[in-house]
Amino acid sequence: DQQVKQNSPSLSVQEGRISILNCDYTNSMFDYFLWYKKYPAEGPTFLISISSIKDKNEDGRFTVFLNKSAKHLSLHIVPSQPGDSAVYFCAASVPNFNKFYFGSGTKLNVKP
Amino acid sequence: DVKVTQSSRYLVKRTGEKVFLECVQDMDHENMFWYRQDPGLGLRLIYFSYDVKMKEKGDIPEGYSVSREKKERFSLILESASTNQTSMYLCASSASHGGYTFGSGTRLTVV
């Protein structure tokens with residue numbers, strides 16, 4: 001049973017607008033969350049993280065929001081650019097544990 | 001520049017062959033992982049290792065084995081390749097309680 005879920009397999013957004021990618025999790029023990037971006041034929045690259053002691057973390061155009069009560073996190077990209085077109089994975093881990101659980105990914109297409 | 005290097009970007013193997021996928025990291029990381037990525041299924045953990053000569057099964061270990069004789073190297077072995085093992089294979093490493101650094105992936109096709 002997947003503990004981390006990304007229910008939208010794809011998302012299409014116009015350049016310059018906001019992209020919102022969503023992720024839900026079931027394990028209330030998760031305390032550290034990551035977002036990765038993956039281009040075709042390349043490995044995923046780290047994008048942004050958030051610890052459960054925070055509800056928001058921002059890095060340039062990328063902001064991650066964490067709602068612990070809803071077991072939900074989201075990644076906001078503002079403004080979206082065509083180079084952001086990729087598959088985005090969210091991942092989560094429990095305290096003092098080295099293994100991350102990944103969602104199934106959301107393919108973002110930013111149209112020029 | 002820190003790196004996780006996977007020895008092959010593309011491989012084509014025949015059904016029944018024994019296949020070795022190699023992964024080397026230069027970050028002195030304790031933890032190493034093998035995932036496969038399939039459309040609609042995301043990243044699924046095959047095996048991982050917390051230390052030299054240690055290994056643990058992930059979510060889908062069937063048909064695979066691993067070897068970690070040195071800290072920097074983690075090998076994935078397909079004992080007898082089958083067509084349902086056609087996939088993108090991703091190696092990753094991490095320090096204790098840290099995020100992953102991924103390799104570029106190996107696209108394996110079993111015919």
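Here is how names work: the chains are called A, B, and so on, in the same order as the sequence lines, proteins then strands, and each is numbered from 1.
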Q. So with a 6.0 Å cut-off around NZ of A:Lys107, is the heavy-atom count from everything else above 12?
A. no

(Q) Please classify the contact of B:Leu41 with chain A as side chain, backbone, both or neither, using a heavy-atom distance under 4.5 Å. (A) backbone

Q. Which bit of B:Gln37 comes within less than 4.5 Å of chain A, counting heavy atoms only: side chain, backbone, both or neither?
A. side chain

Q. Same cluster for A:Leu11 and A:Val64 if Ile/Leu/Val/Met/Phe/Trp/Tyr side chains link at under 4.5 Å?
A. yes

Q: Determine the minimum heavy-atom distance between B:Gly40 and A:Ser104, stating which atoms define it.
A: O-CB, 3.8 Å

**Q.** Rounded distance (nearest 0.5 Å) linking atom CD of A:Glu42 with atom CZ of B:Arg9
**A.** 7.0 Å

**Q.** A:Lys54 atom NZ, neighbour heavy-atom count above 12 within 6.0 Å
**A.** no

Donor-acceptor list for residues 11-23 of chain B side chains, cut-off 3.5 Å, not counting sequence neighbours:
unit_1: B:Thr15; atom_1: OG1; unit_2: B:Val111; atom_2: O; d: 2.9
unit_1: B:Glu17; atom_1: OE2; unit_2: B:Arg14; atom_2: N; d: 2.7
unit_1: B:Glu22; atom_1: OE1; unit_2: B:Ser75; atom_2: OG; d: 2.5

Q: Output yes when a side-chain donor or acceptor of B:Tyr100 lies under 3.5 Å from a complementary backbone atom of A:Phe100, and no otherwise.
A: yes

Q) Quick one: CD on B:Glu56 to NZ on A:Lys99, what's the gap to the nearest 0.5 Å? A) 8.5 Å

Q: Verify the cluster assignment for A:Leu73 and A:Leu108: are they in a single hydrophobic cluster under the rule of side-chain heavy atoms below 4.5 Å apart?
A: yes

Q: Tell me whether B:Phe102 is reachable from B:Val24 by hopping between hydrophobic residues (I, L, V, M, F, W, Y) whose side-chain heavy atoms are closer than 4.5 Å.
A: no

**Q.** Value rounded to 0.5 Å, distance of CG in B:Leu90 from OH in A:Tyr36
**A.** 11.5 Å

Q.
Heavy-atom pairs under 4.5 Å with chain B - which of A:Phe46, A:Tyr39, A:Phe89 has more of them than the others?
A. A:Phe89

